[in-house]
2 protein chains.
Amino acid sequence: MDTGMIIKNIRRQLHDGGYKLTPQREATVLVLLENDKDHLSAEEIYMLVKQKSPDIGLATVYRTLEMLTELKIVDKISFNDGVSRYDLRKEGDHHFHHHLLCLECGSIEEVEEDLLGEVENIVEKRYDFLVKDHRLTFHGVCSQCRKKK
Amino acid sequence: MDTGMIIKNIRRQLHDGGYKLTPQREATVLVLLENDKDHLSAEEIYMLVKQKSPDIGLATVYRTLEMLTELKIVDKISFNDGVSRYDLRKEGDHHFHHHLLCLECGSIEEVEEDLLGEVENIVEKRYDFLVKDHRLTFHGVCSQCRKKK
DNA sequence: AATTAATTTATAATGAGTCTAAATAATCAA
DNA sequence: TTGATTATTTAGACTCATTATAAATTAATT
């Protein structure tokens, strides 16, 4: 799907939630789209948005990210390094993808496929817990770092 | 296993890592042992330790928790609410247990059994990633909150 | 056009976590 | 044991991510 179409969908989602897609919000979403393989912090997103809209304020970026999180357009995740990171959810995805965090180089790889179907069933039955979403991160060593040794 | 024995084991683990079990560190470990079902933040731990050792400083608690995390005696985890939480690892456990976070009441339930064995195998093979540890949290609605409705 | 509501900006405030220097406690060599 | 060295703790200053606030701007409505 092209960017224009994605933006159009997001505009509709905002309207459904009672929000407008202001130029600042659109610029923020564009940065997220252009960097959908990264896991940017609010500060990093702010720096990138500033290149498009130099007058945007940091608080606006924070508020936009909060709103996008509430609407489940982005997922907020923390990798225990003291900052929250924001990850655009793929169109039609109803689960949050998983992450592989390399303890040596700090890289974060994404695992698109949902490996938790069976595990969620067990949790729902055995713990009587209605699962809505999940966060799964593996800590380990990526192939590149293992090759180096 | 009784508390004395656990403390003894932890003392040995600290020594092996080149640290001493000072009274302040012991008081901190005791608080973690006494609240092993909770997921306390550093500040909460500090408050509880202060009841045992009123003269302890917040920085000492932070440093102790950092050390215990490094030695894998506790696991540090964040549930996206802006604070890190610390969870004592059970004796002999080589994986971090999972969590069920209720989006309505905020309660956190623990899942002791390891449900990720097969998933880790897939990740190791399919993504060529050496798994050392994991963080798995399900977001959803607990049985109590569902009963209320 | 005037009014109201939503949004943004700039900046101040908060609060978790870290750093630093001085004090204290433990360890070691003589 | 004494003095010297090292590790640890304390208190408080500091940093930095995030949030709150008040004034200004923009958009929507009457």
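Here is the naming used below: chain letters follow the sequence lines, and residue numbers restart at 1 for every chain. The basis for the numbers below is simple: all heavy atoms, side chains too, and nothing from hydrogens, waters or symmetry mates.
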Length of the [atom1]-[atom2] vector between [X] and [N], whole Å:
X	N	atom1	atom2	answer
B:Asn80	D:dA17	CG	C1'	14 Å
A:Leu58	C:dT9	CG	P	11 Å
A:Arg11	D:dA27	CZ	P	13 Å
B:Tyr46	C:dA16	OH	C1'	14 Å
B:Met47	C:dG15	CE	P	12 Å
B:Ile45	C:dA16	CD1	P	13 Å
B:His15	D:dA7	NE2	P	14 Å
B:Leu65	C:dT18	CG	P	10 Å

Is B:Glu104 paired with B:Lys148 through a side-chain N to carboxylate O contact shorter than 4.0 Å?
no
Do the side chains of B:Arg11 and B:Glu26 get close enough for a salt bridge, i.e. N-O under 4.0 angstrom?
yes
[options]: which one has an atom nearest the side-chain heavy atoms of [X]?
X	options	answer
B:Ala59	D:dT10, C:dT7, D:dA20	D:dT10
B:Thr60	C:dG17, C:dA6, D:dT10	D:dT10
A:Ile56	D:dT9, C:dT9, C:dT8	C:dT9

[N] phosphate, OP1 or OP2, under 4.0 Å from [X] side-chain N/O:
X	N	result
A:Thr22	D:dA27	no
B:Gln24	C:dA25	no
B:Ser84	C:dA16	no
A:Tyr62	D:dT19	no
B:Arg63	C:dG17	no

DNA chain C nearest-nucleotide lookup for B:Ala42 and B:Lys20: closer to the 5′ end is B:Ala42
Quick check: do B:Leu101 and A:Arg135 have side-chain heavy atoms less than 4.5 Å from each other?
no
Close side-chain approach of A:Gln13 and A:Asp16, heavy atoms under 4.5 Å:
no
Pair A:Phe96 and B:His139, ring centroids less than 6.0 Å apart:
no
